[in-house]
Amino acid sequence: MKDLFIKTEQQRIWLEKLASLEETFKTNAQEIDEQSSFPHEHINELRKIGYTKLTLPKELGGEGFNLYEAIALQETLGSYDGSTGLATAWTLLTVGELFENKYWEPSKLTDFASKVKQGAIINRAVSEVATGSPIRGGRPGTTAKKTGSQWIINGRKSYTTGSPELDYFLTSAWIEEEEKIGFFLIHKDTEGLSIDETWDVIAMRGTGSHDLVLNNVAVDESDLVELPNYNTGFKLNGWLLLIPATYLGIAQAARDYALQFANTHSPNSIKGTIATLPNVQALLGEIELELATARFALYGAAQSYVELKQKETEGHELSVEEGTLILNAVNTAKHVVTNAAITVADKAMRVVGAKSLQRTNPLQRYYRDVRAGLHNPPMDDITIKKLAETALKENENKGR
């Protein structure tokens, strides 16, 4: 089924490159989870093959993959190791979003592109314990104050995925004099910046989603790279689909394990393998249905987003209605994929039975990891609320 969504030769070439890492990544995944260790080796291997610059435009030294093209690769990487996949997804989407929307001044983007070309990785640092998810509109406690030609930044950010290997932190802070949120580009070696290793959870244990601590961090005035005109400091965009793509990859890995088990497990109470049993076939068929539904939702939303962005580059001015439609499509895809991944992992465990609960069995890791997707933006309640509001507004307008 996945092959239906591979459209270009470049995708196929890159899938072959990733395949060279499959055995190593899958072998290491169990230890990474057990020790809650960050997969430094994996990130460095991805740097070596150029994967971290996948979404950087070609003219700036990257691979120039659009959102749709990148999803298949990210799904594949997620099936090898969920933690590596998620850590990488955040840098790919941040780079893709920045250069597609040209959020920064051209000279700043060009300079940063040279860093990405050389392997630098980045993530936005926006979440804080006091505010919860930034998408809900809480004002960050992190502050930035102007002193001469510098900004002095103080605060603490949580859930900073990939922190042990990040070269740059695109950090949100409240600017009192502007009365708005700004984003500052901060290099990992800046004095006063440190990582507090707080990440101790049962899912995605190797993502290094620790706290970023900023203690009188001084940056140049030019490092204030974004002053968004939206008030949450976090904007939903199509590139976020790389996150559910990672969870879909984990679900695929769960499915593959269940199929292999069904085809080889032969208890002496039956003739042949459990693959011949109607209840097992029903579970496997339901797994296939979940994955197919998730893929059509994910790749369909990504294609719609790419097409709309292409129209924008050709001079089409995006209407409010079009913006709402694509945002709802992206949100819906994330909801469908994340929940399907949870269902797939659960059904895979039902196929395998009690053996799936053994700590050495990858299914119990897949089951824990996919649940983390519920807490990546947008959350399910926000998606459902927006869908209801859109439907009600459309109905109201028709009645006028």
Side-chain angles (χ1 to χ4, degrees), residues 67 71 78 82 86 89-90 93-94 97 123-141 157-161 172 181 199 201-204 207 209 228 230-251 290-291 293-302 304-305 320-347 366-397:
L67 172 63
I71 277 178
L86 192 64
W90 282 109
L93 78 86
T94 302
E97 175 195 15
N123 193 3
R124 288 187 184 270
V126 288
S127 295
E128 296 182 7
V129 172
T131 61
S133 173
I135 199 172
R136 299 189 185 275
R139 195 177 92 176
K157 298 293 185 179
S158 54
Y159 306 128
T160 314
T161 301
S172 64
I181 293 170
W199 190 241
V201 294
I202 66 167
M204 289 295 187
T207 58
S209 301
Y230 46 90
N231 61 8
T232 62
F234 190 90
K235 187 177 182 180
L236 287 171
N237 68 89
W239 287 96
L240 281 166
L241 290 177
L242 291 175
I243 302 303
T246 305
Y247 291 106
L248 184 56
I250 299 170
E290 289 285 347
L291 288 173
T293 302
R295 285 203 172 93
F296 279 109
L298 180 65
Y299 286 88
S304 295
Y305 178 83
V320 174
E321 290 76 15
E322 286 175 315
T324 300
L325 280 173
I326 194 62
L327 181 61
N328 282 346
V330 169
N331 292 358
T332 298
K334 188 270 178 178
H335 181 286
V336 169
V337 171
T338 303
N339 285 280
I342 293 171
T343 300
V344 167
D346 176 72
K347 290 182 183 294
Y366 301 151
Y367 182 78
R368 288 182 284 111
D369 281 351
V370 291
R371 290 200 63 83
L374 294 173
H375 309 291
N376 290 130
M379 285 62 173
D380 287 358
D381 65 306
I382 291 178
T383 295
I384 292 168
K385 181 174 182 288
K386 290 294 293 184
L387 289 173
E389 289 174 347
T390 302
L392 288 167
K393 187 173 181 179
E394 287 176 350
N395 182 263
E396 182 183 2
N397 290 338

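Keep in mind the model is a prediction, meaning the values are calculated, not measured. For this chain, numbers begin at 1 and follow the sequence in order.
In the displayed structure, Arg368 atom CZ is contacted under 6.0 Å by more than 12 heavy atoms of other residues, nucleotides or ligands.
A donor-acceptor pair is defined here as one N or O able to donate and one able to accept, closer than 3.5 Å; no such pair exists between the side chain of Asn331 and the backbone of Thr383.
Partner Ser172 forms a side chain to side chain donor-acceptor pair (under 3.5 Å) with one of Arg124, Glu128, Lys157 and no other, that one being Lys157.
Considering all non-hydrogen atoms of both residues, Arg371 and His375 come closest at O-CD2, 3.7 Å. Nearest heavy-atom pair across Val370 and Ala345 is CG2-CB, 4.0 Å. The shortest heavy-atom contact between Pro244 and Leu298 is CG-CD1, 4.3 Å. Nearest approach of Ala301 to Ala329, heavy atoms of both residues: CB-O, 3.6 Å. Closest non-hydrogen pair, Val336 versus Ala297, comes out as CG1-CB, 4.0 Å.
One distance of note links CG of Leu86 with CG of Leu242; it measures 10.5 Å at 0.5 Å rounding. Atom CE of Met379 and atom OG1 of Thr338 lie 10.5 Å apart (nearest 0.5 Å). To the nearest 0.5 angstrom, Leu240 atom CG is 10.0 Å from Leu327 atom CG. Distance check, rounded to the nearest 0.5 Å: CG of Asp369 to OG1 of Thr246 gives 11.0 Å. Interatomic distance, CD1 of Ile342 versus CD of Glu290, reported as 10.5 Å (0.5 Å rounding). In this structure, OG1 on Thr324 lies 11.0 Å from CG on Leu387, to the nearest 0.5 angstrom.
Inter-residue side-chain proximity for Leu93 and Leu67 is flagged as unmet; no heavy-atom pair is nearer than 4.5 Å. The shortest side-chain heavy-atom distance between His335 and Ile384 falls under the 4.5 Å cut-off. Annotation: side chain of Pro140 is not in contact with side chain of Val126 (no heavy-atom distance under 4.5 Å).
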Could you walk me through whether Tyr247 and Val344 satisfy the side-chain contact (heavy atoms from CB on, under 4.5 Å) test, starting with their C-alpha distance in whole Å, then the side-chain angles of each, then the deciding distance to 0.1 Å, before giving a yes or no?
CA-CA 11 Å; Tyr247 291 106; Val344 167; over 6 Å; no

Would you check, one step at a time, whether the test side-chain contact (heavy atoms from CB on, under 4.5 Å) holds for Lys334 with Ile243?
CA-CA 8 Å; Lys334 188 270 178 178; Ile243 302 303; 6.0 Å; no

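Annotation: ring-ring contact (aromatic ring centres under 6.0 Å, His included) contacts of Tyr367 (sequence neighbours excluded): none.
Using a 4.0 Å cut-off between charged nitrogen and carboxylate oxygen, Lys385 and Glu389 count as a salt-bridge pair.
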